[in-house]
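So the structure is just underneath, and the comments pick up after that.
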Amino acid sequence: MPGTASARARRRLLFLHTGGTLSMVRRSHPGPLEPDHYDRHVLPYVRGLEDLADIEACLVCAIDSSDMSPALWERIAAEVARGRERYDGFVVLHGTDTMAYTAAALSYMLRGLDRPVVLTGSQRPIAELRTDARANLVHSAMCATLDLPEVGLFFGDRLFRGNRASKVSIQAYDAFASPNFPPLLRVGVDVVPEAPALRQPGPFQLQAGFRPDVAVLHLVPGQDPRALHALVDTGARAVLLLGFGEGNLPASRWPQAIAEVSARGVAVIVLSQCRSGSAVAGRYQGSAAARDAGAIYGLDHTVEAAVVKAMWLLGQGLDRQGLADRFPCPIAGECTPAPA
Ligand code: ASP
């Protein structure tokens, strides 16, 4: 197991609060859950955390994560960059709905990261008796004291590589999965490592910058390829096409549409509608024709990791050819490269 807090000097952690159900309250009955503030509603519910580490908190925002944005991703990353000298690890408290996108965004921006950044949240507010928030917070803080220098996402009983995780359940306390990469740690009576942590070469550098002109098109049987042109006409510079199975597309009309939008400088990235496995071209006619028309095959990225990666690569100034070259290469362990 990676070095424990007790074996080393006492750790200093920063909790970066962004909102989500964990800290929400219901102000009227009946009425919706609404974001509230961290200091009044979270800390008093997890007494004993201070035995684990010295913990300080910073309020980045208090929102439902549906309102998260690239500008807020950059603020969270800036707090990590600013706190690196002072803190050994970071816990980002976040709504579950878009947590996987934020985890991916942080993993691309924090180049050469040398300490843990762990995102977590909960399905029920921390003030409720049957909450999952306390256990998630305690385990996330524990993970943030370990020698795991990457962006992780803790939920239920597992620490995932953040850019490999997806929210897969609205109901379950075990709400996240990582279909194409094993969890980094599994937490039960013992803490069991299941995959080695990422070790990135330094020096640390915050590389912000996103272009949000990325669209996702979930293909359905019989779909007219004018749907692709419509997305490009409204400003998309990259389109993630969720194909069938291994990344198959209809063999007629779609290759021509892909060739046309590629000629306009748009990156068409093909992923699969299946969560598990890798989108690669060539086994079937439709994928071979799409590849020959200019489609970039997106391997085993989650949709969240792929959308944010396309935004980030565009934000770094890359054009369609730049995306074709860089998208299939891992930046922070988010995909498995195709065999040479
Ligand atoms: N809507 C909430 C959010 O993402 C859901 C949650 O936190 O579980 O902020």
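Heavy atoms only: backbone and side chains are in, while hydrogens, waters and symmetry mates are out. In this chain, residues are counted from 1 in sequence order. Indexing begins at 1, ligand by ligand and atom by atom, following the structure's order.
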task = Look at the rings of F210 and W73 and say which category their plane angle falls in: under 30° parallel, 30 to 60° tilted, over 60° perpendicular.
result =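 Judged by the thresholds at 30° and 60°, the geometry between F210 and W73 is perpendicular.
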
Please check if any side-chain donor atom of [X] sits under 3.5 Å from a side-chain acceptor atom of [Y], or the reverse.
X	Y	answer
E334	Y108	no
R164	T336	yes
E304	S166	yes
S107	N163	yes

request  = Please state which part of S66 comes within less than 4.0 Å of ligand 1, counting heavy atoms only: side chain, backbone, both or neither.
outcome  =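 For S66, no heavy atom sits under 4.0 Å from ligand 1.
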
Per-atom contacts, ligand 1 versus [X] - under 4.0 Å to a heavy atom:
X	value
T96	3 (C), 4 (O), 5 (C), 6 (C), 7 (O), 8 (O)
T21	2 (C), 5 (C), 6 (C), 7 (O), 8 (O)
G20	7 (O), 9 (O)

task = For ligand 1, find out whether one of its N or O atoms is nearer than 3.5 Å to an N or O atom of H94.
result =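 So ligand 1 has no N or O lying under 3.5 Å from an N or O of H94.
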
message = Taking distance alone, with N or O pairs closer than 3.5 Å, would you say K167 contacts ligand 1?
response =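 Min N/O separation from ligand 1 is not below 3.5 Å for K167.
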
query = Among protein heavy atoms, which lies nearest atom 4 (O) of ligand 1, and at what distance?
reply =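 In this structure, atom 4 (O) of ligand 1 has S65 OG, 2.6 Å as its nearest protein heavy atom.
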
F204 six-ring face occupied by R111 cation (under 6.0 Å, within 45°) =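 So R111 doesn't make the cation-pi contact.
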
key: Selected option - heavy-atom contact closest to atom 1 (N) of ligand 1, from T98, L93, I170, D64   =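 Result: the heavy atom closest to atom 1 (N) of ligand 1 is in D64.
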
